[in-house]
Undergrad: 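Dumping the structure here so I can ask a few things about it.
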Amino acid sequence: MSRRASAVASKSLKEASDSEDVERDDSDEFEDSNDDDNEPIANLKGKKKASPAKSAQSKEEVTTDDEDDAPIAASKKRPSSAASNGSTSGAPASKKIAKSEKKNDLEPEEDDDSDDDEPIAKKAKKKEAVKKEPIKKEVIKKESAGTKRKAESDDAPSKKKKAAVKASPKKVKKEDGEEGEGDEDDEEEYEWWVNGLQDGGEKWKTMSHNGPVFPPAYVPHGIKMKYNGVPIALEPDSEEVATFFAGVVGTDYEKNKTFVANFFKDFLTVLSREKKPSPIKEFAKCDFSPIVDYLNELKEQRKSKTKEEKAAIKKEKEELDEKYGWAIFDGRKEKVGNFRIEPPGLFRGRGDHPKTGTLKLRVQPEQVTINIGKEAPIPPAPAGHKWGAVVHDNTVAWLATWKENVNDNIKYVLMAATSSLKGQSDMKKFEKARELKKHIDKIRRDYTEGLKDKVMATRQLCTALYFIDRLALRAGNEKGEDEADTVGCCSLRFEHVTLEPPNKVIFDFLGKDSIRYYNEVAVDEQVFKNIKIFKREPKKEGDMLFDRLNTSILNKDLTRHMPGLSAKVFRTFNASYTFQKELLDTPADGTAAEKVLAYNRANRQVAILCNHQRAVSKGHGAQMEKIQDRFRGMKYERGLIKKAMLEVDPKLKKKRPELAEDESDVDEEFIERHLAAQEEKEKQARVKALEKENEKRKAEGQPPLKSLDTKKKNVTPLESLSIEKLEKKLDDMTKRIENLKLQMIDKDENKTTALGTSKINYIDPRISVAWALKHDVDLDKIFNRSLREKFKWAIMSVKDGVSVFSIFLDLRVLTTWVKDWEF
DNA sequence: CTTAAAACTTAGAAGCGCCCCT
DNA sequence: AGGGGCGCTTCTAAGTTTTAAG
């Protein structure tokens, strides 16, 4: 029955609003978007006065779809929600049960081909030989073995593909002149960005790699855990699991009931496979501390490794990286990302995850599917094993894949962020976001109009889009019973949104990674009204706020405005736009440090917009105080320098009155404390020096000293310095103070905000490059090495623009391309 | 269509190594 | 010359979107 509802819902917005004839009120228009300034509006301002004359009645009379009142997903998983509507179809998720029943089976999934022993890979090959048609991929489904896929790269490329090949970007010599020099790695750089982006279908013609790396086999340590005070010898498999748990002792996981319960259940299962019945029955009687101690010991050992040992380990790792860290795409060596198969362990689900603590099993090669070029040698599976399957699918980006047992998620080995494959999709992402700029006005007019639509589904869609556009919320897919209860825009529930008249909406919910989103927002009058309607009786806690909306309806509707448009594009768009706008605050004549601070601030605004948070590090408060003290200490020192200057050259008093001014933040109380601390420090230094001296003397067979000569460090009194020297000192100190001050501001503002995520994923790197050029800031002040590598395409494209044009034009023009973000 | 699987991006935390500052 | 903080890397979970299956 939800069918009809969604049929209406997916009816185009336009159509829906055309057909309605509810009175219009132009004052209701989306005012914040002033026509020629189509920026994202990150901070919602309170809307103008409510128009009281409006007949609340006609406005709020929203039709639900015909006689069928059922919200889309009528039967709901969250408690209490199912009853929300008289006519809801019941039958909750009976489907899910079958699935979860099968779950929690710790046996590694057997690839029991039962009546057919032939490896799928082989079969696939046979079939391939026969196939001639350009089939993108074909899936061979095995009854019990899960799905195995076989794919074919097209032997005879279609016309379209040929065209793509022809237009394929040229190879370019690296421009920094170290031609042909020794390292064969990079004598040629693949500058895919020079010829623009290719169409997405085919990712390579030839491709090879050395396969994934498996974690080392478990080596038993033989340490006995205790049960009821009695040491228990464990067989290797159980010992390994016990050791996993020992690894979380002392962390929050240890206290997490779900974690412990899940762990223990699986632990018992593993124990039950021991040859003799294990006495272990209750978690409460388990004592893992011997193993914990052992792990700590290991840690100590690792720390105290000699240089040589460390170097050897490092070398080993490098060799592994060298061998497995690369793939060859169309003859080019490119970096692989996560080439290591995830090791077994206890699943560390975030937030209130029902499966946290569940044993994540060791992955066997038989579960792994390899994707590689047809002509490339297939990397050997570990000795005594074979691959689950080998495919040759050049339409996907993964090199290997397997299914993980805890949540049945599919895992992939993918290329590194620095690879051209990822680089291209990254650039595409930002190009799409820039494209959105061309449509955003229309889209905003549209959804603003739709806020008043009389079809409920349309109103909900438009209201949701309003939030996504303005608040950069995530789309919000539905989640299952066995995942943490988190939401995004479409999955918001009754309790996540509160209204506060006249026009405030308060969001309070857990989003991705169970990060809390809290925001009080002044919204348009119509939005306020809509939320009120969406929350109307009989809805209550647990019910969907947008009961006629989900992400696929939303995204589908978005494509009508622009091909490829989806909810996440708004986040990218909003983030990059906000960033660029905030960058306008860069002090053009500031120091490099000040500019970088401005940059970080802009970055921070984006992070705040996207709600990128991090835990406050435990020492933050103390650290802050320490810096504060250091800061004031420096100011005090500067005061002394100034005083000395005036003493040395009294005439300065007239010429430089600022020298006579007191330093701020430095009061008697502080000076006292500061001096005392200094005194204490010196004392300690003396004690230390004495200890050291005595050790030396001991070694030399001399009697220890009671104290060191009070060889008063010959501190040159400031007053005896030349005025030039003092001047220099003053300068240095002032610089140090300024730097520290900036650092402090940065640090404090950063304590709960994580800048990295937005920098890596949301902010168009070309904006940063253009900014750095314009303000003459060294790029590595804002991009670390990996970022510079990842964003090479951006750096090169913007720089190229510069080298061509800057000869004639002012640097500012060089940010031409950035135009679409509108500097 | 609706639902599920597949594919790929985005996310915070943990771990580490290096460097700065005593 | 020691160690603690910090920036960076690694790890893998948790999202979104696209594609395939039913």
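Side-chain atoms are counted along with the backbone in the values below, which use heavy atoms only and exclude waters and symmetry mates. What you see is a predicted model, and the numbers here were worked out from it, not measured in a lab. Protein chains get the first letters and strands the later ones, always in sequence-line order, with residue 1 at the start of each.
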Undergrad: Taking 4.0 Å as the cut-off, does a side-chain nitrogen or oxygen of K203(A) come that near to OP1 or OP2 on dC8(B)?
TA: yes

Undergrad: Grab the two heavy atoms, one from V390(A) and one from H392(A), that are nearest each other, plus how far apart they are.
TA: CG1-CE1, 4.0 Å

Undergrad: Please write out the pairs of protein N or O atoms and N or O atoms of nucleotides 9-16 of chain C separated by less than 3.5 Å, giving the distance to one decimal.
TA:
from: dT9(C); atom 1: OP1; to: S786(A); atom 2: OG; distance (Å): 3.1
from: dT9(C); atom 1: OP2; to: S786(A); atom 2: OG; distance (Å): 2.1
from: dA13(C); atom 1: OP1; to: K360(A); atom 2: NZ; distance (Å): 3.2
from: dA13(C); atom 1: OP2; to: K411(A); atom 2: NZ; distance (Å): 2.7
from: dA14(C); atom 1: OP1; to: R350(A); atom 2: N; distance (Å): 2.6
from: dG15(C); atom 1: OP1; to: T486(A); atom 2: OG1; distance (Å): 2.8
from: dG15(C); atom 1: OP1; to: D513(A); atom 2: N; distance (Å): 3.0
from: dG15(C); atom 1: OP2; to: K479(A); atom 2: NZ; distance (Å): 2.4
from: dT16(C); atom 1: OP1; to: A475(A); atom 2: N; distance (Å): 3.4
from: dT16(C); atom 1: OP1; to: G476(A); atom 2: N; distance (Å): 2.6
from: dT16(C); atom 1: OP2; to: N477(A); atom 2: N; distance (Å): 3.0
from: dT16(C); atom 1: OP2; to: N477(A); atom 2: ND2; distance (Å): 2.8

Undergrad: According to side-chain contact (heavy atoms from CB on, under 4.5 Å), who are the partners of Q613(A), at least two apart in sequence or on a separate chain?
TA: I515(A), N611(A)

Undergrad: Going by atom type alone, with no hydrogens or angles, which donor-acceptor pairs under 3.5 Å involve a side-chain atom of residues 336-343 of chain A and a protein atom two or more places apart or on another chain?
TA:
from: N338(A); atom 1: OD1; to: L414(A); atom 2: N; distance (Å): 3.0
from: N338(A); atom 1: ND2; to: Y412(A); atom 2: O; distance (Å): 2.8
from: R340(A); atom 1: NH2; to: D321(A); atom 2: OD1; distance (Å): 3.4
from: E342(A); atom 1: OE1; to: K360(A); atom 2: NZ; distance (Å): 2.8
from: E342(A); atom 1: OE1; to: K411(A); atom 2: NZ; distance (Å): 3.2
from: E342(A); atom 1: OE2; to: K411(A); atom 2: NZ; distance (Å): 3.2

Undergrad: Verify the ring-centre separation between F579(A) and Y599(A): is it less than 6.0 angstrom?
TA: yes

Undergrad: Can you measure N550(A) atom CG to dT2(B) atom P for me and round it to whole angstrom units?
TA: 9 Å

Undergrad: Give the rounded distance in Å between these two atoms: CG of L554(A) and P of dT18(C).
TA: 12 Å

Undergrad: Pair I372(A), L399(A) - check side-chain contact (heavy atoms from CB on, under 4.5 Å), show working.
TA: CA-CA 6 Å; I372(A) 197 163; L399(A) 310 185; over 6 Å; no

Undergrad: By the 4.0 Å heavy-atom rule, please label L414(A) as base, sugar-phosphate, or nothing.
TA: base

Undergrad: K299(A): which residues meet the salt bridge (Lys or Arg N to Asp or Glu O under 4.0 Å) condition with it, sequence neighbours left out?
TA: none

Undergrad: Does dC8(B) have its OP1 or OP2 closer than 4.0 Å to a side-chain nitrogen or oxygen of Y412(A)?
TA: no

Undergrad: What is the distance, to the nearest angstrom, from the CZ atom on F783(A) to the P atom on dC8(C)?
TA: 12 Å

Undergrad: Have T356(A) and N262(A) got a donor and an acceptor in their side chains that come within less than 3.5 Å?
TA: no

Undergrad: Grab the NZ-P distance between K314(A) and dG17(B) for me, whole Å please.
TA: 8 Å

Undergrad: With R348(A), which residues qualify under salt bridge (Lys or Arg N to Asp or Glu O under 4.0 Å), at least two apart?
TA: none

Undergrad: If you take the centroid of each ring, where Trp contributes its six-membered ring, are Y253(A) and F263(A) closer together than 6.0 Å?
TA: no

Undergrad: Rounded to the nearest Å, what distance is computed from the CH2 atom of residue W398(A) to the P atom of nucleotide dA6(B)?
TA: 10 Å

Undergrad: Think R571(A) has a side-chain N or O under 4.0 angstrom from the OP1 or OP2 of dA11(B)?
TA: yes

Undergrad: Does DNA chain C take part in any stems of at least 3 consecutive Watson-Crick or G-U pairs (both distances under 3.5 Å), and if so, which ones?
TA: B:1-22 with C:1-22

